[in-house]
Number of protein chains: 2
Amino acid sequence: MFVATAASAPSRPTSIAATGLLDELVALERIGTRHTFQRNAEIFADGDAATDWFRVVAGTVRTCRLLPDGRRHIAGFHYAGDFFGIEGLPSRVSSAEAVGDVVVMRYPRKAIERLAETNPALARRLREMAFEGLADAQERMFLLGRKTAPERVASFILEVAQRCNRQRKVELPMSRYDIADYLGLTIETVSRTLSAMKKAGAIALPTIHLVELIDRGSLELAAGTA
Amino acid sequence: MFVATAASAPSRPTSIAATGLLDELVALERIGTRHTFQRNAEIFADGDAATDWFRVVAGTVRTCRLLPDGRRHIAGFHYAGDFFGIEGLPSRVSSAEAVGDVVVMRYPRKAIERLAETNPALARRLREMAFEGLADAQERMFLLGRKTAPERVASFILEVAQRCNRQRKVELPMSRYDIADYLGLTIETVSRTLSAMKKAGAIALPTIHLVELIDRGSLELAAGTA
DNA sequence: CGCGTCCTTGAGAGTTGTCAACTCCAGTGG
DNA sequence: CCACTGGAGTTGACAACTCTCAAGGACGCG
């Protein structure tokens with residue numbers, strides 16, 4: 001099970017066997033505990049001590065930040081295989097919630113650190129993971145700072161498609177509200193933009209949570225950066 | 001020299017002696033080479049092979065991304081002590097430029113990786129650095145996704161003040177254009193917002209590149225999250 | 001079948017962007 | 001010494017994109 005989810009994770013696929021990671025990953029697995037959460041359940045809360053790391057086994061997790069007046073921003077969606085809650089702060093500045101029903105593994109941070117001290121392969125993997133996270137974050141900052149609403153939505157659809165290895169039918173497990181808070185828009189703007197893309201023939205929306213890519217080229221063009 | 005700059009770097013100060021990092025840092029220093037760049041000179045370019053990591057010794061560096069139509073976003077400013085160019089991608093998706101005259105150290109990535117394989121303390125430090133970078137990036141994403149122009153500018157001033165350990169007089173080495181591209185605004189909006197803050201008595205602007213914090217409380221209030 | 005939640009669509013408002021003129025200042029050369 | 005020049009910054013008027021507010025539709029669930 002673990003190997004399967006680990007293999008489905010990578011944006012930059014590395015052969016587990018080749019890196020000699022397998023033993024380390026098994027060791028990691030041994031210190032983890034399995035937990036399930038229902039839709040919208042809180043996995044950890046803003047202000048909690050950040051004593052654990054998490055990894056998604058099944059389902060989708062969102063990490064959120066709130067402003068006192070209610071404005072919300074979603075720092076990220078985490079899919080099967082992804083680690084989350086791994087920022088370097090002693091306490092949480094965001095909360096993590098289940099988008100649908102999810103299964104996660106929880107690893108005590110201290111135990112991971114101990115493992116990493118003696119397992120260079122695991123240490124390298126953790127490092128790579130963090131650096132990949134940095135690259136992703138820069139991509140998102142660019143989107144939030146300089147892209148228009150249609151560009152953001154197009155980028156988002158393509159991002160999910162790539163993350164989940166889908167060519168035509170892309171599942172969006174999250175609500176429009178989640179998408180809006182992820183892209184720095186409002187639900188109305190997201191909805192309108194999707195409708196416009198549908199009318200333009202770039203996508204179809206067979207159900208609320210499914211996007212079908214009709215004209216990928218025009219989406220990539222709209223996204224600004226493919 | 002190295003120890004001094006390393007000591008001036010941390011947002012989360014860790015005693016170098018206590019972590020036993022000193023030897024590793026010296027080893028790191030040995031594989032680095034020193035380089036100087038003039039104002040606006042390019043340190044690395046979009047598309048270059050990401051074979052090296054960099055650290056600022058003196059001055060300020062900006063990392064930029066460009067859209068074909070000319071829109072620019074500044075992914076980050078890097079001050080003395082900061083590492084930059086450490087994302088996990090094989091080639092650069094951004095360029096790095098000197099804001100003023102700068103001195104940087106360049107470290108071959110492979111050599112760093114080799115060092116990290118055998119030095120758990122260095123490996124841990126690199127990991128911490130990456131995780132801190134992730135936390136910073138989340139803060140920035142929140143700013144770009146959900147904060148208003150005045151909130152962004154106030155947050156920026158406070159961020160620079162904290163980064164450079166200043167209480168009242170904060171130096172902004174970068175141009176208004178740089179600030180705008182960092183905050184996802186236009187120079188006009190940045191300029192107007194600074195003028196409004198000045199008129200409101202929150203700050204003074206003795207010179208173009210200097211901000212004096214008159215009423216820090218109102219700035220923190222305006223920033224939304226202090 | 002009714003209710004609630006999520007989504008869509010419309011109309012109008014507001015923040016921020018665009019375009020343009022003006023100021024300020026450093027550097028240069030008459 | 002002063003005029004000229006160019007870049008950076010400021011300010012104003014207007015436009016536009018996105019948000020806000022509001023109503024109406026779709027769908028699932030009791």
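Just so it is clear: chains get the letters A, B, ... in the order the sequence lines come, proteins before strands, and each one is counted from 1. Below, each value reflects all heavy atoms present in this structure, side chains not excepted, and no hydrogens, waters or symmetry copies. Only a predicted model underlies this, so the values are computations on that prediction, with no experimental measurement involved.
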Exercise. Under the side-chain contact (heavy atoms from CB on, under 4.5 Å) rule, collect the residues that match up with A/Ser218, sequence neighbours excluded.
Key: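 So A/Ser218 forms a side-chain contact (heavy atoms from CB on, under 4.5 Å) with A/Ala202, A/Asp215.
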Practice problem: May I ask you to say whether B/Arg216 pairs ionically with B/Glu220, meaning some side-chain N is under 4.0 Å from a carboxylate O? | Solution: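 Yes, this pair counts.
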Quiz item: Any ion pair linking B/Arg62 and B/Asp181 (charged N to carboxylate O, less than 4.0 Å)?
Solution: no
Exercise. For B/Arg39, look at atom CZ and say whether over 12 heavy atoms of other residues, nucleotides or ligands are found less than 6.0 Å away.
Key: no
Quiz prompt | Cation over ring face, A/Arg92 and A/Phe44, 6.0 Å, 45° | solution =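 Yes.
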Exercise. Please say whether the positively charged group of B/Arg140, taken as NZ for Lys or CZ for Arg, lies over the ring of B/Tyr182, i.e. under 6.0 angstrom from the six-membered ring centre and within 45 degrees of the axis.
Key: yes
Practice problem: Hey, can you tell me if B/Phe54 and B/Phe84 have their rings parallel, tilted or perpendicular (30° and 60° cut-offs)? | Solution: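 Ring orientation, 0 to 90° scale: parallel.
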To the nearest Å, give me how far apart [atom1] ([X]) and [atom2] ([N]) are.
{"X": "B/Asp69", "N": "C/dG17", "atom1": "CG", "atom2": "C1'", "answer": "14 Å"}
{"X": "B/Ile179", "N": "C/dT16", "atom1": "CD1", "atom2": "P", "answer": "17 Å"}
{"X": "B/Tyr177", "N": "C/dG17", "atom1": "OH", "atom2": "C1'", "answer": "12 Å"}
{"X": "A/Arg176", "N": "C/dC6", "atom1": "CZ", "atom2": "P", "answer": "13 Å"}
{"X": "A/Asp178", "N": "C/dT5", "atom1": "CG", "atom2": "P", "answer": "16 Å"}
{"X": "B/Glu188", "N": "C/dT23", "atom1": "CD", "atom2": "P", "answer": "18 Å"}
{"X": "B/Leu194", "N": "C/dC24", "atom1": "CG", "atom2": "P", "answer": "18 Å"}

Quiz item: Looking at DNA chain D, which of residues 197-212 of chain B put a heavy atom within less than 4.0 Å of it?
Solution: B/Ile208
Quiz item: Reading nucleotides 13-19 of chain D from the 5' end, what letters show protein touch, with B for base, S for backbone sugar-phosphate only, - for no heavy atom under 4.0 Å?
Solution: B----SS
Exercise. Could you check A/Leu144, A/Leu66, A/Leu67 and say which one makes a side chain to side chain contact (heavy atoms under 4.5 Å, CB included) with A/His73?
Key: A/Leu144
